[in-house]
Protein chains: 2
Amino acid sequence: MTLTESSPARTDRVERCAAAPRRHPRPDGQDRYTISEVAAYTGLTAHTLRWYERIGLMPHVDRSHTGQRRFSNQDLDWLAFVGKLRLTGMPVADMVRYAELIRVGDETFEERQELLERTRRDVLRRIEELQDTVAVLDHKIGFYADARWASERS
Amino acid sequence: MTLTESSPARTDRVERCAAAPRRHPRPDGQDRYTISEVAAYTGLTAHTLRWYERIGLMPHVDRSHTGQRRFSNQDLDWLAFVGKLRLTGMPVADMVRYAELIRVGDETFEERQELLERTRRDVLRRIEELQDTVAVLDHKIGFYADARWASERS
DNA sequence: TAGATCCCTTGAGTGCACTCGAAGCAAGCG
DNA sequence: CGCTTGCTTCGAGTGCACTCAAGGGATCTA
């Protein structure tokens, strides 16, 4: 077991949480992916995946007998979640912090929850800002549309 | 006249477009601000403002008899708009491109409109992504809430 | 057995958007 | 008059998130 919230009775919840966009459908019944398979699936480069591991953003990834990485479905779930966090603009350092909290264990539940709630608030604020920006763009676009309509008439 | 859409009949439109958050209300009737005033007003540093000018993201800013910058209300409007674009994650190079189009003149209306519409689409897509992310966060947060509720009961 | 392909590690390099430091000029104040 | 504040330029430095290069090992295909 690597990085999940890991409440014994309800890992099903976790699975649903991390449902991913599935560009390449996951081969059924498989649980060991090479780095290039994961790269294709996630859209990240192999370089980036190794880098994530180096900085502690990935749990320890399993290795083959020759030392090559073998990613599990759980690793894929985690990467999907990290992808979501990345979209929010959360700094990588904060994600590493979250990963560390998970590694520490159940006594960090509260802190993790707070971190997620803070993130949630940030994202909502960000959405508002963007909606504001759309309004500004609409004004400007309206200006250009009017100007061209006027020039066609004249 | 520096950087605006400059349709003779309706600059009022432009004014409304670029309405800014106004941390420091603009001194009424004034139209010449020092760089530090603008820094305080926009939240950018003086360094950044000079850098914007160097890279062509600002129109030519007026100077005092001693060579110091004197920003106009129009400059402030432009900076407010740039701030909005920055929030969308648009690269500075693209904003410089837009500024160049404005400098070229009216024959770039179409290209400017397209650029804004493309940006608008990007922003809307971004908002959707963020809303998706909020949903994921809500699931995770729900998981933590449930887990703690369960542990309180046991 | 040769070559291709995939993977490994370490450490350095890249691009973006600032951000700062140094050296020097000019205005205002006690 | 000296001091402080704030401005100028130019060029270098910073932090982030990758991104790549070099050198080498294991496995597969002809």
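The figures here come from the full heavy-atom set of this structure, side chains too, leaving out hydrogens, waters and symmetry mates. Every chain is numbered from 1, with letters handed out A, B, ... down the list of sequences.
- Considering all non-hydrogen atoms of both residues, Gly56(A) and Arg103(A) come closest at O-NH2, 3.1 Å.
- The side chain of Arg54(A) lies closest to dG11(C) when the candidates are dC8(C), dG11(C), dC10(D).
- Under a 3.5 Å cut-off, the side chain of Thr42(B) and the backbone N or O of Val38(B) do form a donor-acceptor pair.
- Proximity note for Tyr52(B) (side chain, C-beta onward) versus dC18(C), dC7(D), dT9(C): the nearest is dC18(C).
- Annotation: the span from Arg32(A) atom CZ to Arg69(A) atom CZ amounts to 13.5 Å, rounded to 0.5 Å.
- The CZ atom of Arg50(B) sits 14 Å away from the P atom of dG21(C) (whole-angstrom rounding).
- When distances are taken from the side chain of Ile35(B) to each of dT19(D), dT8(D), dC8(C), the shortest belongs to dT8(D).
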Sub-3.5 Å pairs of nitrogen or oxygen atoms, protein against nucleotides 23-29 of chain D:
residue : atom : partner  : partner atom : Å
dT27(D) : OP1  : His65(A) : NE2          : 3.3

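- Atom CD1 in Ile55(B) sits roughly 15 Å away from atom P in dT9(D) (whole-Å rounding).
- The shortest heavy-atom contact between Ala39(A) and Ala46(A) is CB-N, 4.0 Å.
- Taking every side-chain heavy atom of Arg86(B) into account, dC18(C) is the closest of dC18(C), dT8(D), dT19(D).
- Across dT19(D), dT9(C), dG6(D), the shortest atom-to-atom separation from the side chain of Thr48(A) is found for dT19(D).
- Between the side chain of Arg126(B) and the backbone N or O of Leu87(A) there is at least one donor-acceptor pair closer than 3.5 Å.
- When only modelled atom types and interatomic distance are considered, Asn73(B) and Tyr33(B) share a side-chain donor-acceptor pair under 3.5 Å.
- For the pair Leu44(B) CG and dA17(C) P, the interatomic distance rounds to 14 Å; values are reported in whole Å.
- When the nucleotides dC18(C), dA21(D), dC8(C) are ranked by their closest atom to the side chain of Val92(B), dC18(C) comes out on top.
- Between His47(A) atom NE2 and dG11(C) atom C1' the separation is 13 Å, expressed in whole Å.
- Remark: P of dA17(D) and CG of Leu85(A) are 12 Å apart, rounded to the nearest angstrom.
- Remark: C1' of dC18(D) and CD of Glu53(A) are 16 Å apart, rounded to the nearest angstrom.
- Atom CD1 of residue Ile141(B) and atom CG of residue Asp146(B) lie 12.0 Å apart, to the nearest 0.5 angstrom.
- Checking dT8(D), dC7(D), dC18(D) against every side-chain atom of Trp51(A), the shortest atom distance belongs to dC18(D).
- In this structure, CZ of Arg70(A) is placed 13 Å from P of dC6(C), rounded to the nearest angstrom.
- The residue Ser36(A) sits close only to the backbone: its heavy atoms come under 4.0 Å of sugar-phosphate atoms, none of a base.
- Neither side chain, Asp122(B) nor Thr119(B), offers a donor N or O lying under 3.5 Å from an acceptor on the other.
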Inset, instruction - Determine, stepwise, if the pair Phe81(A) / Val136(B) fulfils side-chain contact (heavy atoms from CB on, under 4.5 Å). - result: CA-CA 8 Å; Phe81(A) 179 57; Val136(B) 171; 3.8 Å; yes
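- Residues Arg112(A) and Tyr98(A) have side chains that never bring a donor and an acceptor to within less than 3.5 angstrom of each other.
- Nucleic acid contact for Thr45(A): none, since no nucleic acid atom lies under 4.0 Å from a heavy atom of the residue.
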For nucleotides 1-3 of chain D, list the nitrogen or oxygen atoms of the protein found under 3.5 Å from its nitrogen or oxygen atoms, one pair per line.
none

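- Within the nucleic acid shown, Arg69(B) comes within 4.0 Å of sugar-phosphate atoms alone, with no base atom in reach, counting heavy atoms only.
- dA17(C) atom P lies 11 Å from atom CE of Met90(B), rounded to whole Å.
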